[in-house]
Amino acid sequence: MKQQQAYAAAAAAAKVLTVSAVALAIAGCSLFSSDKRKPAELEPNVALLSVQQVWTQRIGKSNPTLVMNVSGNVVTLASADGQVAAVNADTGADLWRVNVGQKLSAGVGSDGKWAAVVTEDGNLVALSQGKEMWRKRLTARVYTAPLVAGERIFVQSADRSVQAFDAASGQALWSQAKTTEALVLRQSGVLTAYQDTLVAGVSGRFVGIDPNSGALRWEVPIASPRGTNDVERLVELVGGVARQGSVLCTRAYQMAVGCIDASTAQLRWTVRADGINGISGDADVVAGADGNGVITAWAHDGGSVVWTSNRLRYRKLSQPLVLGRSVIFGDSSGTVHMLSKKDGSPLNRFSTNSSGISVAPVVAGNTMVVQTNDGAVYGFRPE
C-alpha cells in the first residue's frame, strides 16, 4: 500500500512538472520574444570605476538554478554535470572540489561547514570539505538552492513544499505540505532565514516557518493571482532576496517587486513590475531588469522609482548585484556592465567570454566573482 502511495505521489509530481513545462513554453512566446530583437548598441566605454581581473578558474557548464554561495571569503559553486568546488575568493585557488556523479538541478547551499546540492533525479547530496556525507531521495524536483543553517539543511521543491534534514546524519526532521497550485516554475524560488525563522516564497507570499517543527508562523503577500487561466494566474516569488536588517525584498514573477519587514511580518511596499529574474539591493535601492532588459531602481524605503534605463535593452541580463555605488549585470554576450546606483549611468564594462552570463555575480571580501555559462569563473577587484 505504501509503495502504491509513493508511486501515486511521484506520478502527481511528474504531472505538475509536465504541466509547468508546457505552460512556460506557451508563456515563452510572449516573455522571450524580445530575444529575437536587436540588442541595444553599447556606447563607447569610459571607465569611471577601474576594475582589474585578478584570477580565473574553471568548472563545468552552468545554468541559472546553480547559484554561487558566499560564506566569508569562500565561494562555493557548481556545474550542471555534477562538479562542486569551494574557491578562495582572494586567489581563486580550490579549497576542495568533488564530482557527485550525477547532473545537478539546484545548488549550492553552504554555511562554510556543510554544502548541499540536488541532482536532476531528485537526490539531496550533503558534502563536508569536499567529501560526500550522505544523500537522500526527494519526492519532487528541486530548482532552488538548499539553505544550510543551524546544523540543518532545508530544501524547497518545485511544488513549494519544504523539508528539513539534519546536516550531520541526513535524518528527515519535518516536511511541510506542497501548495495546491496547478502550475509551478522551473526556476529558483525564495528560501532564506531571518533570525530564528525560516523564510520561503510560496505562491506570491513570503512565509515564515518555525525551523524546528515546520509550523507556519506568518505570511505576507507580495502579489496575488489574477487572470482567467492557470498560466495567467501563476504567481511565484523568484530568487534572490535583497536583505537589509529585518527588511527582505524580492520579485514576484512577472507581477511585482516588494519588501516586507520580517521582524513584524508586515508589508512595507509593493509595486507593479514585469520581470522574471531576481533582484538585488542595499540600504538605498532595490534594482532589477524586466524581460526586455529595461532596468529599474526603486527606493529601498517606499518603493518609489529612483531611475530607469534602456541602455541594456534586449541584452538578456542576469540577476544583478548591487555593490558599493554600482548596479552590476552580466549579459548574454559575456559582458559585465557596471551602472551608477545613483542614476543608472555607465561606470564601466568589461568582457569575460562569449558564452554569456546567467548566474548572478557575487561578492566575497574585496572580490567580485562572475561565472559564465560555459564554466569559466573570474575574480575582479577594484583598483
Side-chain angles (χ1 to χ4, degrees), residues 34-35 37-53 64 67-68 238-244 249-251 257 259 271 273-354 356-364 366-373 378-383:
S34 59
D35 291 357
R37 302 184 68 169
K38 184 178 179 181
E41 293 290 338
L42 298 177
E43 303 168 0
N45 186 41
V46 179
L48 301 179
L49 184 62
S50 184
V51 176
Q52 178 184 12
Q53 179 183 314
V67 299
M68 292 184 281
V238 296
V241 173
R243 176 178 171 178
Q244 287 292 311
C249 304
T250 196
R251 180 188 295 280
V257 168
C259 298
V271 295
D274 294 326
I276 60 175
N277 289 330
I279 51 88
S280 181
D282 62 8
D284 299 317
V285 301
V286 174
D290 68 17
N292 290 330
V294 176
I295 301 167
T296 302
W298 298 271
H300 183 269
D301 294 329
S304 60
V305 174
V306 178
W307 53 263
T308 62
S309 175
N310 294 318
R311 297 178 187 275
L312 304 181
R313 196 171 176 87
Y314 306 128
R315 299 196 69 87
K316 303 179 188 175
L317 302 177
S318 70
Q319 178 184 319
L321 169 68
V322 175
L323 177 64
R325 61 190 180 105
S326 304
V327 179
I328 304 165
F329 289 88
D331 73 14
S332 59
S333 72
T335 303
V336 179
H337 304 267
M338 303 183 72
L339 307 179
S340 168
K341 185 179 71 175
K342 180 179 179 180
D343 58 14
S345 59
L347 295 177
N348 199 354
R349 72 171 181 266
F350 41 91
S351 297
T352 54
N353 62 34
S354 60
I357 300 167
S358 300
V359 175
V362 297
V363 61
N366 295 320
T367 305
M368 178 177 68
V369 182
V370 177
Q371 182 179 3
T372 66
N373 293 341
Y378 297 81
F380 295 99
R381 201 170 296 149
E383 290 186 328

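Position 1 is the first residue of the sequence, and the numbers go up from there. As a basis for the values below, the full set of heavy atoms in this structure was taken, side chains included, without hydrogen atoms, waters or symmetry mates.
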Give me the atom names and distance for the closest heavy-atom approach of [X] to [Y].
X	Y	answer
Ala360	Pro320	CB-O, 4.3 Å
Ser351	Thr335	OG-OG1, 4.1 Å
Pro64	Ser358	CG-CB, 3.7 Å
Ala273	Trp298	CB-CZ2, 3.8 Å
His337	Leu42	CE1-CD2, 3.8 Å
Met338	Ser326	CE-OG, 3.6 Å

Check: [Y] and [X] side chains under 4.5 Å, non-hydrogen atoms:
X	Y	result
Gln52	Arg381	no
Pro361	Val336	no
Ile357	Phe329	no
Val257	Thr296	no
Asp284	His300	no
Leu323	Asp282	no
Gln319	Val67	no
Val238	Asn277	no

Please step through side chain to side chain contact (heavy atoms under 4.5 Å, CB included) for the pair Phe350 and Asn45, ending with a clear verdict. CA-CA 9 Å; Phe350 41 91; Asn45 186 41; over 6 Å; no
Output, in order, the C-alpha distance, side-chain angles, deciding distance and verdict of side chain to side chain contact (heavy atoms under 4.5 Å, CB included) for Asp331 and Leu312. CA-CA 9 Å; Asp331 73 14; Leu312 304 181; 5.8 Å; no
Rounded to the nearest 0.5 Å, what separates atom [atom1] in [X] from atom [atom2] in [Y]?
X	Y	atom1	atom2	result
Cys259	Ile279	SG	CD1	7.0 Å
Thr372	Tyr378	OG1	OH	5.5 Å
Asn353	Ser333	CG	OG	10.0 Å
Leu321	Met368	CG	CE	7.0 Å
Asp290	Leu317	CG	CG	9.0 Å

Sub-3.5 Å donor-acceptor pair from the side chain of [X] to the main-chain atoms of [Y], do we have one?
X	Y	answer
Arg315	Ala40	yes
Ser340	Lys342	yes
Ser354	Gly334	no
Ser280	Val322	yes

Answer yes or no: are there more than 12 heavy-atom neighbours, outside Asn366 itself, under 6.0 Å from its atom CG? no
